[in-house]
Enquirer: 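There's a structure below that I have some questions on.
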Amino acid sequence: QVYVVESGGGLAQPGASLRLACTVSGIFFRITEVNWFRQAPGKERELAARIRGGISTDYLDSVKGRFSISKPNANNTSYLQMNMLKSDDSAMYYCNVCGWLTDWDSFDSWGQGTQVTVSS
């Protein structure tokens, strides 16, 4: 019942910027956590950025100072601002959203992913 859709991926030059969007729809009470995962071909999936409680953030060491995640806005959209992109940032990026459907039922939903490619 809770749907997650990512957008904003594409091809970028090294040093350029991209902004990914994670939009949540459906019937739910509250979003508690937004996580951006990424996975490159032949590599393990890793957590790039996370925001919890709308204020607490965590970042992968390799993206600190370059990536910034926002809390969901009034349209239930969270953004991942990616600056100074590197070739190693190339990956499929997935948005994972957790929260409450009601006072007693929780949800954990994933999007389809959006591709980010940074040219060499």
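If you're wondering where the values come from, they're calculated on a predicted model, not measured in any experiment.
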Enquirer: Evaluate the side chain to side chain contact (heavy atoms under 4.5 Å, CB included) criterion for residues S78 and I69: first the C-alpha distance (whole Å), next the side-chain angles of each, then the deciding distance (0.1 Å), finally the verdict.
Expert: CA-CA 7 Å; S78 175; I69 187 171; 3.9 Å; yes
Enquirer: Would you compute the distance between atom OG of S25 and atom CG of N76 and round it to the nearest 0.5 angstrom?
Expert: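 If I round to the nearest 0.5 Å, the distance is 8.5 Å.
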Enquirer: Please check if L47 and W110 belong to a single hydrophobic cluster, counting links between Ile, Leu, Val, Met, Phe, Trp and Tyr side chain heavy atoms closer than 4.5 Å.
Expert: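 Same cluster: L47 reaches W110 through Ile, Leu, Val, Met, Phe, Trp or Tyr contacts under 4.5 Å.
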Enquirer: Ignoring hydrogens and angles, write down the donor-acceptor pairs under 3.5 Å from the side chains of residues 34-41, residues two or more places apart or on other chains.
Expert:
from : atom 1 : to  : atom 2 : distance (Å)
N35  : OD1    : R50 : NE     : 3.1
N35  : ND2    : E33 : OE2    : 2.9
N35  : ND2    : N96 : OD1    : 3.0
R38  : NE     : E46 : OE2    : 2.9
R38  : NH1    : D89 : OD1    : 3.0
R38  : NH1    : Y93 : OH     : 2.9
R38  : NH2    : E46 : OE2    : 3.3
Q39  : NE2    : K43 : O      : 3.2

Enquirer: Verify, without hydrogens or angle tests, whether T77 (side chain) and T23 (backbone) share a donor-acceptor contact under 3.5 angstrom.
Expert: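 Not at all, since once roles are kept as given, no pair shorter than 3.5 Å links the two residues.
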Enquirer: Under 4.5 Å between side-chain heavy atoms, hopping through other hydrophobics if needed: is there a path connecting L60 to M84?
Expert: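 No; tracing contacts between hydrophobic side chains, which count when under 4.5 Å, never links both residues.
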Enquirer: Following the transitive rule for hydrophobic clusters with a side-chain heavy-atom cut-off under 4.5 Å over Ile, Leu, Val, Met, Phe, Trp and Tyr, establish whether Y94 and L18 coincide in one cluster.
Expert: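 As far as the 4.5 Å side-chain criterion goes, L18 and Y94 are not connected within one cluster.
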Enquirer: Among residues at least two apart in sequence or on other chains, which ones pass side-chain hydrogen bond (donor to acceptor under 3.5 Å, both in side chains) with R19?
Expert: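 Per chain and number, R19 pairs via side-chain hydrogen bond (donor to acceptor under 3.5 Å, both in side chains) with no residue.
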Enquirer: To the nearest 0.5 angstrom, please state how far the OG1 atom of T57 sits from the CD1 atom of I51.
Expert: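 CD1 of I51 is found 6.5 Å from OG1 of T57.
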Enquirer: For T114 and V5, what are the C-alpha separation, side-chain angles and deciding distance, and is it a side chain to side chain contact (heavy atoms under 4.5 Å, CB included)?
Expert: CA-CA 9 Å; T114 185; V5 178; over 6 Å; no
Enquirer: Which distance, rounded to the nearest 0.5 Å, do you find between the SG of C22 and the CG of L80?
Expert: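 Here the interatomic distance stands at 10.0 Å.
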Enquirer: Nearest heavy-atom pair of Q13 and S119: which atoms, and what distance?
Expert: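 Shortest heavy-atom separation between Q13 and S119 comes out as OE1-OG, 3.3 Å.
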Enquirer: For K64, check salt bridge (charged side-chain N to carboxylate O under 4.0 Å, His left out) against everything at least two apart and list the hits.
Expert: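 Salt bridge (charged side-chain N to carboxylate O under 4.0 Å, His left out) list for K64, sorted by chain: D61.
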Enquirer: Please check: side-chain N/O of S106 versus main-chain N/O of W100, any donor-acceptor pairing under 3.5 Å?
Expert: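 Not a single qualifying donor-acceptor pair exists.
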Enquirer: Output the distance between atom CD1 (I55) and atom NZ (K71), rounded to the nearest 0.5 Å.
Expert: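 Rounded to the nearest 0.5 Å, the CD1-NZ separation comes out at 9.0 Å.
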Enquirer: Measuring from S17:OG to R66:CZ, what's the distance to the nearest 0.5 Å?
Expert: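 CZ of R66 is found 10.0 Å from OG of S17.
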Enquirer: With hydrophobic residues grouped by side-chain heavy-atom distances under 4.5 Å, do Y59 and L85 end up in a single group?
Expert: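 Linked, Y59 and L85 end up in one cluster.
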Enquirer: Determine, step by step, whether D58 and R52 satisfy the side chain to side chain contact (heavy atoms under 4.5 Å, CB included) criterion, reporting the C-alpha distance in whole Å, the side-chain angles of both residues, the deciding distance to 0.1 Å, and the verdict.
Expert: CA-CA 9 Å; D58 295 288; R52 294 140 65 191; 3.2 Å; yes
Enquirer: So, T117 side chain and S90 main chain: donor-acceptor pair closer than 3.5 Å or not?
Expert: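 Pair absent, no side-chain N/O of T117 close to backbone of S90.
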Enquirer: List in chain and number order the residues that pass side-chain hydrogen bond (donor to acceptor under 3.5 Å, both in side chains) with D103, two or more places apart in sequence or in another chain; answer none if no residue qualifies.
Expert: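 None.
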Enquirer: Taking side-chain hydrogen bond (donor to acceptor under 3.5 Å, both in side chains) as the test, write out the residues that go with Q81, two or more places apart.
Expert: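 side-chain hydrogen bond (donor to acceptor under 3.5 Å, both in side chains) list for Q81, sorted by chain: N83.
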Enquirer: Would you find a donor on one side and an acceptor on the other, under 3.5 Å apart, between the side chain of E6 and the backbone of C95?
Expert: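 Yes.
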Enquirer: Do Y79 and V63 share a hydrophobic cluster, counting only Ile, Leu, Val, Met, Phe, Trp and Tyr and linking them when any side-chain heavy atoms are less than 4.5 Å apart?
Expert: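 No, Y79 does not connect to V63 through the hydrophobic network.
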Enquirer: Do you know which two heavy atoms are closest between L20 and M82, and how far apart they sit?
Expert: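 Minimum heavy-atom contact is CG-CE, 3.7 Å.
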Enquirer: Got a sec, which residues hit side chain to side chain contact (heavy atoms under 4.5 Å, CB included) with L101, two or more places apart in sequence or on another chain?
Expert: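 Once residues adjacent in sequence are excluded, the partners of L101 under the side chain to side chain contact (heavy atoms under 4.5 Å, CB included) criterion are V2, F28, D105, F107.
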